[in-house]
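Below is one structure, written out as structure tokens; comments come after it.
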2 protein chains.
Amino acid sequence: MAGQENIINRLTLDRLMQYYHWITENLDPKTEATVSSSQLAKQLTLDDSQIRKDLAVIGVKGQRHVGFDIQEVIVSIRQLLGLSKSHPAVVLGAGRLGGAISSYNGFVSYGLNIVALFDNDPAKIGLMIGGHVVQPLDHLESVIKQSNVLLGILAVPDHAAQESADRVVAAGIRVIWNFSPAHLRLPEDIFVRHERLFVALAQLFYHLNRIDIPNG
Amino acid sequence: MAGQENIINRLTLDRLMQYYHWITENLDPKTEATVSSSQLAKQLTLDDSQIRKDLAVIGVKGQRHVGFDIQEVIVSIRQLLGLSKSHPAVVLGAGRLGGAISSYNGFVSYGLNIVALFDNDPAKIGLMIGGHVVQPLDHLESVIKQSNVLLGILAVPDHAAQESADRVVAAGIRVIWNFSPAHLRLPEDIFVRHERLFVALAQLFYHLNRIDIPNG
DNA sequence: TAGATTGTTAATCGATTAACAATC
DNA sequence: TAGATTGTTAATCGATTAACAATC
């Protein structure tokens, strides 16, 4: 009874992040105190029941006739995800994508803290990218240990992905954000989120092809 | 009966793209002629029925006792998505992310053809990024018309996203790949794929927090 | 008060997985 | 042939949406 723990699923977590983002970007707690599920639903093109359910999952209670307290929603999501904490991470691959990830302020504002950026290309080592000096991969293990890093971000080429993943896991990484197209094979207890940007092309091209021939 | 058209859904399209990628990266049609659904399923951690169903959707027939002809699978997916065609696209936003998208060879190899990269920052205009000269937004409409561009890629800051989207749509864009966190409001007939990278942080942090306190 | 909104259950929808006959 | 594999239907699972009593 006590150890019963509900793992919140991916879709719910993604939506909660969207709620948080929209509220903090668009509502001013000084002028508005509450937000209703139908208001949020309209803005994000979602069903209002969905929003009430998601908020119920994390224990946020609304007030009938009024809506949800903005501050309570913000604080609850922030606590659930630890958005006020600093989450140290390492980035592997100092190409354009790795550089973009390392220097994107949108991530920083949520608490992502890139502590180091690695590459094995001697030409890149020593370069300054988004406030980070590119370091050789030799330093990987010591940096991970020293900063207690648990999150690894892979922005390496396809062929280097599995090897990079194995190496960061061996060094103590427990969560991986994989931007490479490769399907990684890792121990069960390592959590991996695949970004797989290239698969989007399937949907984009499919829709483009259907537009090209509008004589149906 | 004739006009009956099955729209293939997002999940199926994404998986087909994964099949295509894995097969072309890992199998050599010279040495192996077929691949079985269970083989693919094992490699991609999917259910084998799923794969047979997806291939049935696009009309690929396997051979009982043997599997699916690799060439047939490749050709069918390539034709469905038009992976051999060139798909012209414009990128808005020449920051690090826009630059990464514009210069990523993985996309080019599938037929994505970035014809222009735009920014409104005078300091960036004229710069060469991944083989593209950064152009001022003034050129947007003429480039879209001249090259018959139907695909727009948004890599602009949150606050500029809606305005950028409206502008490319007005110029003739029909499909949008949105990398900004903003929720875009656009006409029904415009297809939008949201990438929303920041929502991934919710899941990553949630899992990190659960690791931090392993005394459950 | 009347109207608006939550909280929650039930209904629906859709996607995934299991199962197995067909068959090479 | 026996074993392997497809093709497809049925079963299951899970997520979304509808509905509405509770109520401020």
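Reminder, nothing fancy here: chain letters follow the sequence lines and each chain counts from 1.
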- Quick check: does any side chain N or O of A:D119 sit under 3.5 Å from a backbone N or O of A:A94, one acting as donor and the other as acceptor? yes
- Exactly one of B:L117, B:N120, B:L137 clears side chain to side chain contact (heavy atoms under 4.5 Å, CB included) with B:L92, and that residue is B:L137
For a quick test of reading the model: is some side-chain N or O of [X] closer than 4.0 Å to OP1 or OP2 of [N]?
| X | N | answer |
| --- | --- | --- |
| B:Q63 | C:dC24 | no |
| B:N9 | C:dA15 | yes |
| A:R52 | D:dT16 | no |
| B:S49 | C:dA18 | no |

- Task: Report the distance from atom CG of B:D69 to atom P of C:dC24, rounded to the nearest whole Å.
- Result: 17 Å
- What integer distance in Å separates A:L55:CG from C:dT5:P? 15 Å
- Base, sugar-phosphate, or nothing: which does A:D48 touch, judged by heavy atoms less than 4.0 Å apart? nothing
- Message: Under 4.0 Å, counting only non-hydrogen atoms across every strand here, what does B:R10 touch: a base, just sugar-phosphate, or nothing?
- Response: nothing
- Message: For a quick check, tell me whether the side chain of A:K53 and the base of D:dT17 share a donor-acceptor pair closer than 3.5 Å.
- Response: yes
- Is there a donor and acceptor pair, one atom on the side chain of A:R64 and one on the base of D:dT23, closer than 3.5 Å? no
- Message: Just checking B:E25: does its CD atom have more than 12 heavy atoms from other residues, nucleotides or ligands closer to it than 6.0 angstrom?
- Response: yes
- Query: Considering residues, nucleotides and ligands other than A:E141, do more than 12 of their heavy atoms fall under 6.0 Å from its CD?
  - Reply: yes
Residue [X], side-chain heavy atoms: nucleotide from [options] that is nearest:
| X | options | value |
| --- | --- | --- |
| B:K61 | D:dG7, C:dT6, C:dT17 | D:dG7 |
| A:H65 | C:dG3, C:dT16, D:dA18 | C:dG3 |
| B:S36 | C:dG7, C:dC24, D:dT5 | D:dT5 |

- Determine which nucleotide pairs with C:dT23, using a 3.5 Å limit on both distances of a Watson-Crick or G-U wobble pair. D:dA4
- Query: Considering Watson-Crick and G-U wobble pairs with both distances under 3.5 Å, what does D:dA15 pair with?
  - Reply: C:dT12
- Should A:D14 and A:Q18 be marked as a side-chain hydrogen bond (donor to acceptor under 3.5 Å, both in side chains) after you check the CA-CA gap, both sets of side-chain angles, and the distance that decides it? CA-CA 6 Å; A:D14 282 8; A:Q18 283 189 259; over 6 Å; no
